[in-house]
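Heads up: the structure comes next, in structure tokens.
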Amino acid sequence: MTNKVWVYVDQFKGEALPASWEAVTAGRDLADKMGTGLTAIVIGSGVEAIANTAIQYGADEVLLADDASLEDYRANPYTAVFAKAAADAAPDVVLFPTTSRGREVAAMAAIDLNTGVLVDVTAMETEGDAILATRPVYAGKLLCKVKCATRPQLVTLRVRSFGKPELDESRTGTTTAIDAVMAEDEIATKVLDYVDAGGGVSLSDANVIVSGGRGVSSNPAEAPADLSAEDQEIWKAHEGFRLIGELATVLGGAVGASRAAVDAKYIPYAHQVGQTGKVVSPDLYIASGISGAIQHLAGMRSSKVIVAINKDADAPIFKLARYGVVGDLYDIVPALTVALKERLGK
Ligand SMILES: Cc1cc2nc3c(=O)[nH]c(=O)nc-3n(C[C@H](O)[C@H](O)[C@H](O)COP(=O)(O)OP(=O)(O)OC[C@H]3O[C@@H](n4cnc5c(N)ncnc54)[C@H](O)[C@@H]3O)c2cc1C
């Protein structure tokens, strides 16, 4: 009998994203509540190890599409494999991690399967075989509950909203091979190269994020006089982000930014947090020189602990912050780095 609950495992270059395992946590819980098994679907080339890990994390069965044509992620062949498997087996619900690939496959498969997607879900309840999903709306100001009237119910799960599962190396399950659906000559997209546009930033997976905003350009240091006014500002901000990067490194975290900092070319877009950037939920979010505009808060308000550093005591970010430091980030950030280095023995 086919399992009613499925999880789509997102992998890149043979490595599963941690968000995929969070989806397995949610899927295991759902499958137990619905009295069914959990199937993970793994698509790629040379990804058998991921299938085994999915079982060790809690899947009962893995559908494994392992084919040379699936080595690079391409939306059409991946969606074709997924949609065919789902059409054949008719699961009630499929959980996807809210990664760029997960979102893309869910959206495209919804068209093929003539069903809906519940997106960016942070919590789920069951009503029989229906999922009652909670998702933030209006930049996180409201939480709404949504249901899908059609089947399968495709659900994308917000990263870091569901816990990480425990790996149980003794767990066993079945792996069933499934075929690629599109032949190479039917696939219009060819991957020529990968270019890292973000300096290896993985904000979504970071436990700690230290972010900088427009305030970072208020660097008191003298910029080289032969630079234009705009470049002097960028030079100052780069120095500020270097200090923010040092603090992030001491804490083992990643560097984030507001859109104002990105628009002013202080730092690449890959670092942007907010409504039009990444939505993050780290254990610790340190906002420095960021005022706390609603569009920024939309991307980080679900962080477990928020610390704000701002020289304006009335900055809106302090309303959300658990700890607030009123002061100049050029004093506070380096002082924090020194103190934490000492405390953490680094
Ligand atoms: C459709 C739309 C989408 C948007 N999407 C996003 C998004 O995804 N992400 C996002 O961030 N914004 C987004 N914005 C922009 C948002 O509205 C704000 O303009 C932006 O977040 C402001 O960035 P900021 O806080 O860095 O700058 P500001 O609002 O200018 O704040 C700078 C802060 O730095 C403080 N400061 C200055 N110097 C220092 C110092 N030396 N030490 C300490 N503090 C200092 C100031 O007191 C101030 O509070 C969006 C806007 C729109 C309209």
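Residue numbers run from 1 in the order of the sequence given. We count ligands from 1, going down the list as the structure has it; atoms in each ligand are counted the same way.
- Listed by number with element, the atoms of ligand 1 under 4.0 Å from a non-hydrogen atom of G277 are 8 (O).
- Among N310, D312, V216, the residue whose heavy atom lies nearest to atom 48 (C) of ligand 1 is N310.
- Atoms of ligand 1 lying under 4.0 Å from at least one heavy atom of T276, given by number and element, are 3 (C), 4 (C), 5 (N), 6 (C), 7 (C), 8 (O).
- Distance alone, capped at 3.5 Å, is enough to place a donor-acceptor pair between the R74 side chain and the T189 backbone.
- Nearest-heavy-atom check against atom 7 (C) of ligand 1 across K278, Q272, K311, R214 picks out Q272.
- The pair R160-D283 meets the salt-bridge criterion, with a side-chain N (NZ, NE, NH1 or NH2) lying under 4.0 Å from an Asp/Glu carboxylate O.
- A260 CB, 3.8 Å is the protein heavy atom nearest to atom 22 (C) of ligand 1.
- At the top of the distance list for atom 31 (O) of ligand 1, counting protein heavy atoms only, stands S291 CB, 3.3 Å.
- Checked against the 6.0 Å centroid threshold, F12 and Y73 do not count as a close aromatic pair.
- Numbered from 1 in the order shown, with element, the atoms of ligand 1 that lie under 4.0 Å from a heavy atom of Q275 read 7 (C), 8 (O).
- For atom 4 (C) of ligand 1, the closest heavy atom belonging to the protein is R259 NH1, 3.1 Å.
- Atoms of ligand 1 found under 4.0 Å from any heavy atom of S258 (numbered from 1 in listed order, with element): 11 (O), 23 (O), 24 (P), 26 (O).
- For CG of D88, the number of neighbouring non-hydrogen atoms (other residues, nucleotides, ligands) closer than 6.0 Å is greater than 12.
- Under a 4.0 Å N-O distance rule, the pair E239/R242 qualifies as a salt bridge.
- In this structure, atom 41 (N) of ligand 1 is in close contact with the protein, since a protein heavy atom lies within 4.0 Å of it.
- Heavy-atom proximity to D328, at under 4.0 Å, picks out these atoms of ligand 1: 40 (C), 41 (N), 42 (N).
- Taking atom 14 (N) of ligand 1 as the reference point, the nearest protein heavy-atom neighbour is Q295 CB, 3.5 Å.
- Nearest non-hydrogen protein atom to atom 37 (C) of ligand 1 is G215 CA, 3.4 Å.
- Taking the charged nitrogens against the carboxylate oxygens, E184 and K190 do have a contact shorter than 4.0 Å, which makes a salt bridge.
- Under the 4.0 angstrom criterion for non-hydrogen atoms, V273 is in contact with ligand 1.
- A salt bridge does not link K33 to E125: none of the charged nitrogens lies less than 4.0 Å from a carboxylate oxygen.
- Ring centers of Y78 and Y8: at least 6.0 Å apart, outside the cut-off.
- Below 4.0 Å from some heavy atom of S218 lie the following atoms of ligand 1, by number and element: 38 (N), 39 (C), 40 (C), 41 (N).
- The pair R171-D60 meets the salt-bridge criterion, since a charged nitrogen lies less than 4.0 angstrom from a carboxylate oxygen.
- Look at R101 and D10 and you find a salt bridge, because one of the NZ, NE, NH1 or NH2 atoms lies within 4.0 Å of a carboxylate O, short of that distance.
- Here the side chain of T39 pairs no donor or acceptor atom with the backbone of W6 at under 3.5 angstrom.
- For K13 and Y194, the positive end sits near the middle of the six-membered ring, less than 6.0 Å away and at most 45° from its axis.
- Residue contact annotation: G327 has a non-hydrogen atom under 4.0 Å from ligand 1.
- Atoms of ligand 1 found under 4.0 Å from any heavy atom of A293 (numbered from 1 in listed order, with element): 16 (C), 17 (O), 18 (C), 21 (O).
- Scanning the protein heavy atoms around atom 34 (O) of ligand 1, the nearest turns out to be G289 O, 3.1 Å.
- Using a 4.0 Å cut-off to heavy atoms of G274, the atoms of ligand 1 that qualify are 7 (C), 8 (O), 9 (N).
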